[in-house]
S.K.: 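The structure's right below; bear with me while I get my questions together.
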Amino acid sequence: MSDNGFGALQGLRMIELGQLIAGPFCGQLMADHGAEVIKIEQPGSGDPMREWGRNKPVWWPVIARNKKSVTLNLRVPEGQDILRELVRDADFLLENFRPGTMEKWGLGYDELSRINPRLIMIRVSGYGQTGPYASRAGYGSIGEAMGGMRNLAGDPSTPPSRVGLSIGDSLAATYATLGALMALHRRNVTGRGQVVDSAIYEAVLAMMESTVPEYTEAGFIRERTGSILPKVAPSNVYPTKDGEILIGANQDSVWTRMAEAMGRPELATDPRYSSHHARGENQQELDDLISAWSRGFTSKELLDLMEENGVPAGKIFKAPDMLEDPHFKARDAVVKVDHPGFQNIWMQNAFPKFSETPGEIHWPGPELGAHNEDVYKGILGRSDADLARMKAEGII
């Protein structure tokens with residue numbers, strides 16, 4: 001067992017296989033909160049995430065933070081044997097290969113659970129471990145499409161959009177983390193581990209609110225609506241002298257306060273706007289009215305006015321806004337992390353926050369194989385000669 005000395009998950013050990021986002025983001029979440037995450041990478045190449053990032057490869061320092069990097073060739077028998085040794089004292093094994101890959105290597109759950117009955121195997125894939133699509137290659141973008149999210153993203157006048165982030169992958173990894181902790185609780189009762197099967201398309205589907213029963217019960221199919229939710233008003237992006245801000249005043253009491261802030265309290269009792277239903281029916285008209293009014297303010301003036309009147313509103317933040325915002329600073333939402341190769345690495349902190357066992361960022365994503373000695377000598381008891389031989393033979 002491991003004890004990293006911080007976080008709610010200290011004392012737990014995860015062996016992370018796989019690459020890119022859908023699996024490794026689960027490992028990041030666990031490592032953020034103190035689990036010892038030993039990331040297995042292919043010798044010589046490593047995870048492709050090491051090369052990802054706009055302009056500079058700065059994604060790896062985030063997604064591999066707090067992890068230990070170990071090189072190991074899982075395609076050869078000795079590499080597979082070494083993994084079995086590591087599994088013996090692990091709590092979790094995380095993988096996001098195409099279903100069947102682990103079994104092909106003799107590393108399926110049936111075999112690994114014989115070595116360690118307490119092992120929880122976390123399996124992230126496009127379509128899950130069963131079903132007619134299980135063996136298909138699956139990326140987050142496809143899961144977003146099949147799960148229903150892409151159909152609702154963007155403006156109705158354009159093809160389905162993406163949100164600019166790998167939401168499908170990250171959702172699958174988040175559900176994988178949730179499932180792993182559920183399985184851990186169950187293990188505390190039974191003493192046995194199990195498989196957590198997190199499919200990207202199902203993780204997206206879980207976020208789809210009432211879209212399925214809206215169709216089965218009422219024959220209604222949701223479509224893209226751009227910056228609004230139909231029949232929920234006012235809740236939109238409104239123009240100012242120097243930009244745009246988002247205002248959400250759709251609740252009756254909040255709308256009353258906004259009408260007062262606008263200097264037009266009579267709008268709160270106007271039959272066209274006096275109820276949630278009425279505002280929904282007159283959504284475009286109401287948005288046009290607010291937009292004509294909001295253009296008379298700077299963004300700061302309007303945000304201050306909304307705050308004074310208790311109306312939810314916010315600037316649409318970009319990275320520079322996050323770095324300068326006093327609330328972000330007060331809660332350490334974004335923090336600077338020391339890095340041997342980059343001088344100015346800031347990243348989102350570990351979330352959620354805990355009163356007694358907060359997560360922390362102790363180091364950014366490490367160099368390939370940086371922890372080979374720590375793991376192979378410290379955990380498995382290999383000698384320097386063993387490490388030299390295995391490196392020469394391409395095993396590590």
Side-chain angles (χ1 to χ4, degrees), residues 1-2 9 11-31 33-42 47 67-68 70 72-75 77 79-131 133-136 138 143 169-203 375 379-380:
M1 290 296 182
S2 158
L9 301 181
L12 297 172
R13 176 177 291 159
M14 168 183 280
I15 309 301
E16 179 187 302
L17 312 181
Q19 56 190 18
L20 298 175
I21 304 164
F25 183 59
C26 170
Q28 177 194 322
L29 296 175
M30 302 285 268
H33 293 281
E36 181 189 32
V37 177
I38 300 173
K39 180 172 179 62
I40 305 296
E41 298 186 75
Q42 180 68 18
D47 192 324
K67 299 179 185 179
K68 296 179 176 179
V70 167
L72 183 64
N73 187 352
L74 295 174
R75 294 169 174 80
Q80 295 157 7
D81 287 340
I82 291 172
L83 182 69
R84 294 184 185 100
E85 288 185 65
L86 287 171
V87 160
R88 195 174 304 280
D89 292 318
D91 298 285
F92 307 99
L93 184 138
L94 166 65
E95 63 94 6
N96 68 319
F97 300 118
R98 192 181 298 195
T101 300
M102 294 292 288
E103 286 75 11
K104 180 180 67 176
W105 292 338
L107 300 172
Y109 187 70
D110 287 347
E111 179 167 345
L112 297 182
S113 63
R114 284 195 291 270
I115 298 170
N116 178 2
R118 294 173 58 81
L119 181 70
I120 295 166
M121 189 173 189
I122 308 162
R123 314 195 72 170
V124 185
S125 62
Y127 305 99
Q129 300 299 310
T130 60
Y133 300 163
S135 62
R136 291 183 181 179
D169 289 322
S170 298
L171 281 174
T174 302
Y175 272 100
T177 306
L178 179 63
L181 299 180
M182 291 177 180
L184 180 65
H185 174 71
R186 186 61 183 169
R187 191 185 75 178
N188 291 337
V189 176
T190 66
R192 293 193 59 83
Q194 59 181 301
V195 174
V196 176
D197 179 358
S198 181
I200 296 173
Y201 88 96
E202 288 171 345
V375 172
I379 295 177
L380 299 185

S.K.: So, do K68 and V37 sit near enough that their side-chain heavy atoms are less than 4.5 Å apart?
M.R.: no
S.K.: Is F25 close to D169 at the side-chain level, that is, under 4.5 Å between some pair of heavy atoms?
M.R.: no
S.K.: Nearest 0.5 Å, what's the CD1-CD distance between I21 and Q28?
M.R.: 10.5 Å
S.K.: How far does CD1 of I120 sit from CZ of R192, to the nearest 0.5 angstrom?
M.R.: 11.5 Å
S.K.: How close do Y175 and S198 get, heavy atom to heavy atom, and via which atoms?
M.R.: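 Distance-wise, the nearest heavy atoms are CB-OG, 3.9 Å.
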S.K.: Would a 4.5 Å heavy-atom cut-off, applied to side chains only, mark D89 and I379 as touching?
M.R.: no
S.K.: Considering all heavy atoms of both residues, which atom of M30 and which atom of A180 are nearest to each other, and what is their separation?
M.R.: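 It is CE-CB, 4.4 Å.
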S.K.: Any non-hydrogen side-chain atom of R114 less than 4.5 Å from a side-chain atom of D110?
M.R.: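 Yes. Closest side-chain heavy atoms under 4.5 Å.
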S.K.: Flag the pair Y109 / L93 as yes when at least one side-chain heavy-atom distance between them is below 4.5 Å, and no otherwise.
M.R.: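 Of all side-chain heavy-atom pairs linking L93 with Y109, none is under 4.5 Å.
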S.K.: Where does the angle between the aromatic ring planes of Y133 and Y127 fall among parallel (under 30°), tilted (30 to 60°) and perpendicular (over 60°)?
M.R.: perpendicular
S.K.: Is it true that a side-chain atom of D197 and a backbone atom of Q129 form a donor plus acceptor pair closer than 3.5 Å?
M.R.: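 Yes.
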S.K.: State, to 0.1 Å, how close G18 and D47 come at their nearest heavy-atom pair, and which atoms those are.
M.R.: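 Smallest interatomic distance, heavy atoms only, reads O-OD2, 4.2 Å.
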S.K.: Looking at side-chain heavy atoms only, is the closest gap between L86 and V70 below 4.5 Å?
M.R.: no
S.K.: Look up atom CG in N96 and atom CE in M102, then write down how far apart they are to the nearest 0.5 Å.
M.R.: 10.5 Å
S.K.: How close do V196 and A183 get, heavy atom to heavy atom, and via which atoms?
M.R.: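 The pair with the smallest heavy-atom distance is CG2-CB, 4.0 Å.
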S.K.: Quick one: does any side-chain atom of Q80 pair with a main-chain N or O of L74 as donor and acceptor, under 3.5 Å?
M.R.: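 Side chain of Q80 to backbone of L74: a pair is present.
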S.K.: Quick one: closest heavy-atom pair of E103 and G108, and the distance?
M.R.: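 Where E103 meets G108 most closely, the heavy atoms are OE2-CA, 3.9 Å.
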S.K.: Do the side chain of S113 and the main chain of N116 share a donor and acceptor less than 3.5 angstrom apart?
M.R.: no
S.K.: Main chain of E16, side chain of K67: is a donor-acceptor contact present, judged purely on distance under 3.5 Å?
M.R.: no
S.K.: Report the distance from atom CG of L107 to atom CE of M121, rounding to the nearest 0.5 Å.
M.R.: 7.5 Å
S.K.: Between D91 and L119 (side chain of the first, backbone of the second, donor and acceptor by atom type, cut-off under 3.5 Å), is there such a pair?
M.R.: no
S.K.: Rounded to the nearest 0.5 Å, what separation is found between the CD atom of Q194 and the CZ atom of R187?
M.R.: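 Between Q194 CD and R187 CZ, I get 11.0 Å after rounding to 0.5 Å.
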S.K.: Would you compute the distance between atom CZ of R136 and atom OG of S125 and round it to the nearest 0.5 angstrom?
M.R.: 13.0 Å
S.K.: Heavy atoms only: give me the nearest A90-I15 pair and the separation to one decimal.
M.R.: CB-CG1, 3.8 Å
